[in-house]
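First the structure, in the form of structure tokens, and then the observations on it.
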Amino acid sequence: MNLIDGKAVAAQCKAEIREKVAALKEQGINPGLAVILVGDNPASRVYVTNKEKDCAECGIYSEEYKLPENISQQELLDLIGVLNENPAIHGILVQLPLPKHLSEDLVIGSIRPDKDVDAFHSYNVGKIMQGDYQFLPCTPAGVMKLLDAYNIDPAGKHCVVVGRSNIVGKPMAMLLLHRNGTVTICHSRTPNLAEMTRQADILVSAVGKRELITADMVKPGAVVIDVAMNRNDAGKLCGDVCFDEVKDIASYITPVPGGVGPMTRVMLLENTLTAAQAAAKK
Ligand code: NAP
């Protein structure tokens with residue numbers, strides 16, 4: 001078994017981004033990210049703090065907008081409208097989930113596609129389908145970087161993605177397809193999950209159910225990527241995969257924590273850099 005070290009790969013990516021940011025600053029462009037947090041969800045609060053810290057480490061300017069839980073849809077759209085026009089801001093990220101009275105579709109749809117560093121806007125989703133994109137959603141993009149870092153080529157492999165969310169499962173499947181994998185997508189209505197996962201040369205699990213993927217569900221020698229972030233009974237972070245039993249069967253495996261998570265964080269920085277580089281060319 002080879003452990004896929006997301007922390008190490010992310011640190012290397014960060015160092016490269018830091019250099020590129022410095023080069024851009026020499027041309028007079030200071031990459032900037034605006035992060036909008038509505039309400040006081042503790043998990044979202046932690047994510048936003050981490051994003052600011054990551055930006056600071058790479059020399060990216062960041063602004064945080066902490067908005068009250070009861071903000072109106074129009075007020076939020078107005079703020080995004082202002083940020084859309086602000087030349088110092090290259091990326092806009094609205095931390096999800098939003099309070100129930102706000103429409104996520106409307107809010108994400110109001111972000112200018114060239115500043116949509118989460119790549120959730122329908123325009124960017126469509127571009128990803130076509131394989132002609134500026135941004136990729138951070139988690140699937142991070143998984144692809146990890147595969148590349150370990151010279152794991154999806155071409156000709158059977159790639160099984162468990163989970164079909166818009167932010168992870170579906171784009172993940174699309175990226176593996178663009179890289180010439182033969183892709184199967186599984187979900188909660190897949191009748192015999194183990195039968196599908198056992199066929200995987202590359203298995204990506206993005207469900208959010210601890211101990212979902214057991215050793216008998218993994219083909220010997222498979223690459224196993226665990227996207228999920230769950231808590232075990234002791235409150236410790238864990239993924240979908242029974243790591244201790246699967247690690248002896250897999251050829252490569254990501255740990256949780258320390259696998260996909262750090263890559264997701266670093267891809268936001270990369271997308272912000274990409275947006276700033278594109279703005280510099282205009
Ligand atoms: P989500 O929107 O809840 O989607 C979960 C998917 O899993 C759905 O497509 C669902 O199927 C499927 N599913 C549920 N139970 C299943 C089962 N028993 N067998 C097969 N499929 C099943 O979650 P998400 O936002 O994609 O996130 C997935 C996990 O990744 C979560 O643990 C989340 O915390 C984690 N995550 C991690 C990162 C990171 O940086 N590491 C980033 C994002 C998310 P249906 O569509 O049929 O309901």
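Numbering of ligands and ligand atoms starts at 1, following listing order.
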More than 12 heavy atoms of other residues, nucleotides or ligands under 6.0 Å from CE of M1: is that the case?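 Enclosed.
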Using a strict 4.0 Å threshold on nitrogen-to-oxygen distance, state whether R45 and E64 make a salt bridge.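 Looking at E64 together with R45, the answer is yes, because their closest N to O distance falls below 4.0 Å.
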One thing to verify: whether R112 and D114 come together as a salt bridge, which I'm taking to mean a side-chain N less than 4.0 angstrom from a carboxylate O.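 Answer for the salt bridge query: yes.
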Mind jotting down which protein residues get a heavy-atom contact under 4.0 Å with ligand 1? Chain and number order, please.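 Within the 4.0 Å shell of ligand 1, which is judged on heavy atoms, sit T139, V162, G163, R164, S165, I167, V168, H187, S188, L193, A206, V207, G208, K209, L212, V227, A228, M229, N230, V260, G261, T264.
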Aromatic rings Y252 and Y150: how do their planes relate, parallel, tilted or perpendicular, breaks at 30° and 60°?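 Y252 and Y150: perpendicular rings.
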Quick one: list whatever passes salt bridge (Lys or Arg N to Asp or Glu O under 4.0 Å) with R164, sequence neighbours left out.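 Here no residue qualifies.
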I'd like to know whether D132 forms a salt bridge (charged side-chain N to carboxylate O under 4.0 Å, His left out) with K127, so could you lay out the CA-CA distance, the side-chain angles of the two residues, the decisive distance to 0.1 Å, and finally the verdict. CA-CA 5 Å; D132 163 30; K127 296 292 276 178; 2.8 Å; yes
